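These numbers come from the heavy atoms of this one structure, side chains and all, not from hydrogens, waters or symmetry mates. This one's a predicted model, so the numbers in the text were calculated from it and none came from an experiment.
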Amino acid sequence: MNPIVRWARREWGPLYEAVRRPPGQRRWRAVPMTLAAVCLTSVLQIVQNRSWGYGPVQDLGAVRAEDPLRTAVLRTPLSLFVPALDLPVWGALAQILLVFGLAELCLGWWRTLVIAYAATLAGTLCARVGIGRGWLPATDALVVDTGPSAAVVGLAVFLGWRCRAYTTAGVVILAMVVEVLLKNNLAGKEHLAAIAAAVALCGVAWARRRGRQRRSADSASSSVVLPPSQSPSTRPGRAQRRS
């Protein structure tokens, strides 16, 4: 077998099997949350480009480091689906459709949303802390922080770990490091914070899995039926006492 094909099967085989798991007749109905996210992003893009819609979208979904913490946290969920005005909207839609779709098929919709929100919130808090500590320029406090990129990066890393596509996850991490080295902008640093959040969630998931395996092993060992001669609750008979 071709070495490249063998590597591809080893790298993406578990992910492919996880994607194939839903029944074939469901097709796109298997990713309702992803489709809703694509539709929401499209609607917000149309609305914010109207004179009457820009203000409401900014009030509900635009996050800046200068905003009060409570306001930033409340706006963060919607900010995932507000496309950045300086980037093409098709990029955000493609990221959501691909990465959110794969994550929803492999992890379920609620885990996908939790990881996406945690990664985005980590980036938002990182910017706030960095500016407050003087590690980032004060002008970054005015930068509008919207779009799904931090969520996509966090989901890609978590999904790569979950499906054992470690090389792919490593490439994503390396690409984000290179982005920071080349551009050194706020978005790149937030992507690194999103990666840190995803790695932390990987650790939590690994610990939970090990705990379940340990409990399963303990329950399996306790359910083994011992022969009467080895059972601790069996009283010794005559034959045993004579031996």
Hydrophobic cluster membership, Val178 vs Met176, 4.5 Å side-chain cutoff: no
Closest heavy-atom pair and its distance - Leu186, Ala127: CD1-CB, 3.7 Å
Atom pair CG/CG of Leu97 and Leu93 - distance to nearest 0.5 Å: 8.5 Å
Atom of Cys163, atom of Pro14 and distance for their closest heavy-atom approach: O-CB, 3.3 Å
Salt bridge (Lys or Arg N to Asp or Glu O under 4.0 Å) partners of residues 62-79, not counting sequence neighbours, each pair once: Asp67-Arg75
Listed partners of Asp140 passing salt bridge (Lys or Arg N to Asp or Glu O under 4.0 Å), at least two apart: none
Same apolar cluster: Leu15 and Ile173, side chain cutoff 4.5 Å: no
Polar side-chain atom of Gln45 near backbone of Leu85 as donor-acceptor pair, under 3.5 Å: no
Residue pair Arg215 / Arg212, side-chain heavy-atom distance below 4.5 Å: yes
Main-chain N/O of Val82 paired with Thr146 side-chain donor or acceptor, under 3.5 Å: yes
Heavy-atom closest pair, residues Ala151 and Ala119: CA-CB, 4.2 Å
Exercise: identify the closest heavy-atom pair between Gly160 and Ala169: CA-CB, 4.2 Å
Heavy-atom side-chain proximity of Pro77 to Tyr117 below 4.5 angstrom: yes
Derivation of the side chain to side chain donor-acceptor pair (under 3.5 Å) call for Thr112 and Glu104: CA-CA 6 Å; Thr112 300; Glu104 186 174 6; over 6 Å; no
Close side-chain approach of Val63 to Val144, heavy-atom, < 4.5 Å: no
Rounded distance [0.5 Å steps], CD1 in Ile131 versus CG in Leu142: 8.5 Å
Pairwise distance CH2(Trp135) to SG(Cys126) - rounded to 0.5 angstrom: 8.5 Å
Side-chain heavy-atom pair Thr120, Ser79 within 4.5 angstrom cut-off: yes
In one Ile/Leu/Val/Met/Phe/Trp/Tyr side-chain cluster, 4.5 Å: Val99, Leu113: yes
Distance in Å, Arg164 CZ paired with Glu11 CD, rounded so as to fall on 0.5 Å steps: 10.5 Å
Heavy-atom pair of closest approach, residues Pro83 and Leu44: CD-CB, 4.4 Å
Trp109 side chain near Thr34 side chain, heavy-atom distance below 4.5 Å: no
Pairs satisfying side chain to side chain donor-acceptor pair (under 3.5 Å), at least one member in residues 90-101, at least two apart: none
Residue pair Phe158 / Ala198: nearest heavy atoms and the distance that separates them: CD1-O, 4.0 Å
4.5 Å side-chain heavy-atom contact, Leu69 and Leu125: yes
ILVMFWY cluster, Trp110 and Leu155 together (side-chain gap under 4.5 Å): yes
Residue pairs passing the side chain to side chain donor-acceptor pair (under 3.5 Å) test where at least one lies in residues 181-192, sequence neighbours excluded: Ser149-His191, Glu179-His191, Asn184-Lys189
Contact list for residues 192-206, test side chain to side chain donor-acceptor pair (under 3.5 Å), sequence neighbours left out: none
Ring pair (Phe, Tyr, Trp, His ring centres under 6.0 Å): pairs with one or both residues in residues 54-73, sequence neighbours excluded: none
Nearest-0.5 Å distance that lies between atom CG in Asp145 and atom OG1 in Thr124: 4.5 Å
Any Thr168 side-chain heavy atom under 4.5 Å of Leu159 side chain: no
Distance in Å, Leu107 CG paired with Phe100 CZ, rounded so as to fall on 0.5 Å steps: 11.5 Å
Min side-chain heavy-atom separation Trp7-Thr167 under 4.5 Å: yes
Single-linkage hydrophobic cluster Leu87~Val47, side-chain heavy atoms < 4.5 angstrom: no
